[in-house]
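Structure first, commentary second.
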Amino acid sequence: MCGIVGFTGREQAAPILLECLKKLEYRGYDSAGIAVRDSSLPVVIEKTTGKLKALSDRTHGGKALKGMSGIGHTRWATHGAPSVQNAHPHVSGGVRSTVTGVHNGIIENYAELKQKLTDNGYEFYSETDTEVLIKLVDYYYRKYRIGPIDAINRTMVRVKGSYAVALMFDDYPEEIYAARNDSPLVIGTTQDSSFLASDVSAILSRTRSFYYLGNLQAARLKKGKVEFFNLNGDRISIRKKTVDWETDSAEKHGYEHFMLKEIHEQPDVIRRMLDRYIEDEGICICDDQLDESFFQDLKQIIIVACGSAWHAGVAAQYMTEAVTDVPVRVELASEFRYRSMYACKECLFIVISQSGETADSLAALRKAKSLGIRTLAIVNVNGSSIANEADHVILTLAGPEISVATTKAYSAQLIALYLLVIQMAFIRGNLDAVMYSQMIGELKELPDKISSILSDKEKYQRLATVFSSRQDMFFIGRNMDYAICLEGSLKMKEISYIHSEAYAAGELKHGTISLIEDGTVVVGVITCPHIADKTLSNMIECKSRGARLITVTDLEDKGIESVCDYMIKIPSVNGLFMASLAVVPLQLLSYYTSLSRGLDVDKPRNLAKSVTVE
Ligand code: G6P
């Protein structure tokens, strides 16, 4: 999704803006641009399509542009094709261009506003909703002869949709203005500089002190100073937050790609989670309000998320139903937000999100709150919209995740869910003290077991070379193995562009098996002993139709080896936690397949790390 940055301070802005935009590259983009301003001179704008490098080359790393304040943007096209014309920054134009801006989000009523502005003499040069937004600010600014904050506020009242916007007004050199509704925006300061960005990682190397602008709030950034305003134009205060992520955790550290680095970070992330949330051999994951009596009375859980976070939710559903008597529904956030469903009062709504900014997940959370359901967010980014709005929060402590394809954040989500479910089962009497301690002990073994899988990466490199030319892949499994397949298949398709589907193995015969032909790759995940034979016989059915079989298993003596072309053996663990182990070979397989196909592993085409629009 689009990324925005802004800077005002005592250094040249353009190189800083390019540096910050580089850190937002992972969000996905197809064009980029910056605008800088030297106090006495007009704004200078440079835009290019394609990679940031083109923008950097064109401006000699930004050195060709003079000015100590500026804004920048990476654009992921929504309204209008990727082109220089549509790239941001956009300007109000006209006789005297007063406003220059960048925007992340979608203005839903842009067509109606464009008409209004056209009727008032404005002309448009791009197909973007952003140009409409900028011109609307300009319209109010000129018409009422008001200050930037009042013009922004009038605009916010008028537009519908989501936006994080950074603006420069010609009449206010050295100042940057910002406003937001539902799209992420963070503001950071140092003694003599102020920054803004779509997320913390973009400016983490510059400051650790951040302000999270709330919805329908605006900010004025001066050098080292920032003021906040509500929709009435009144000054408000926002609490400063300090982020404890390592500055260099958003660097590659010798790994060829962020994805590989993040895969290798998984043991440490899990250790960090267990250290934080297990005290004196007991799980401390709940707060004062999410207490024993709440869990005792709980009648239903609804888990809502998107993408891999939804897959973590599916794993949690199998687990919860295996160890507790609480029914669980898992819904895609994009579906949940528009469907009617009954939820009882003693229900817990769990939203899972790495970024904490996914538009559908945020909307689903708000819907649950409006229904009066207690909400819990399992989220990686502290201070994000979802973390701020949920009643309760469990932070996943994965640190910044840069690769678009999630790995360590998914693993951390699983751990948060295991801890929650174990604690709930214990409180409800579904687990006795011995089983409780045993499970905690088994969780603590996960990091070393994952490390042992990671140490055998040559195997995945070889396998990837064999299969990277294939067109289709199917991932099949039952029960928890099916939840694992969902994630394995998504990893494969999103970064290798090989068509891939996950199927509950028992469903194959209801259609999918007709797609199996000579050479089709079928990956079977077989770790649930009680149904291993069934999945295996589904794999044999595929083999008889020409499929090449890869199996991920921890089981011995099931006759798997003699059936499969390639077997990936993983360590055993309590089956409830198997997703944490079995997903790792699938992550590596996807990574090396993408690599051997020569693709951009960390930034797959058309995808965005953080999907902040609907
Ligand atoms: C995007 C990412 C996925 C992620 C999903 C949900 O599609 O590429 O990796 O699982 O969004 O994101 P969230 O930040 O809510 O976990």
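All ligand and atom numbering here is 1-based and tracks the order in the structure.
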Margin query: To check your reading of the model: name the closest protein heavy atom to atom 5 (C) of ligand 1, its residue, and the distance in Å.
Written below: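 That would be C306 O, 3.9 Å.
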Check: How far is atom 12 (O) of ligand 1 from its nearest protein heavy atom, and which residue and atom name does that atom have?
Finding: T358 OG1, 3.3 Å
If you measure only the distance, is there a donor-acceptor pair under 3.5 Å linking the side chains of [X] and [Y]?
X    : Y    : result
E501 : S489 : no
Q587 : Y591 : no
T527 : D481 : yes

Note to self: Distance to the ring centre below 6.0 angstrom and angle to the axis at most 45 degrees; does that hold for K241 and Y211?
What the structure shows: no
Next item on the list: Could you check S384, S385, S610 and say which one makes a side-chain hydrogen bond (donor to acceptor under 3.5 Å, both in side chains) with E357?
Entry: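 Of the listed residues S384, S385, S610, the side-chain hydrogen bond (donor to acceptor under 3.5 Å, both in side chains) partner of E357 is S385.
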Item checked: Location of contacts on E357 toward ligand 1, heavy atoms closer than 4.0 Å -> neither
Next item on the list: Determine whether the side chain, the backbone, both or neither of S610 has a heavy atom under 4.0 Å from any heavy atom of ligand 1.
Entry: neither
Notebook entry, point to check: For atom NZ of K459, is the number of surrounding heavy atoms from other residues, nucleotides or ligands below 6.0 Å larger than 12?
Noted result: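 More than 12 heavy atoms, drawn from other residues, nucleotides or ligands, come within 6.0 Å of this atom.
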Check: Does atom CD of E127 have more than 12 heavy-atom neighbours, drawn from other residues, nucleotides or ligands, at distances under 6.0 Å?
Finding: yes
Note to self: Polar contacts were defined as any N/O atom of the residue lying under 3.5 Å from an N/O atom of the ligand; does this apply to S361 and ligand 1?
What the structure shows: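 S361 vs ligand 1: no N/O contact under 3.5 Å.
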Next item on the list: Flag S308 as yes when one of its N or O atoms lies below 3.5 Å from any N or O atom of ligand 1, and as no otherwise.
Entry: yes
Next item on the list: Write down the atom of Y497, the atom of R605, and the distance for their closest heavy-atom approach.
Entry: OH-N, 2.7 Å
Ligand 1 atoms in contact with [X] (distance to a heavy atom under 4.0 Å):
X    : result
S353 : 13 (P), 14 (O), 15 (O), 16 (O)
K609 : 1 (C), 2 (C), 11 (O)
Q354 : 13 (P), 14 (O), 15 (O), 16 (O)

Margin query: Among D360, V381, V404, which one puts a heavy atom closest to atom 3 (C) of ligand 1?
Written below: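 The option holding the nearest heavy atom is V404.
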Next item on the list: For atom 8 (O) of ligand 1, state which one of A608, G307, A405 supplies the nearest heavy atom.
Entry: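 It is A608 that holds the nearest heavy atom.
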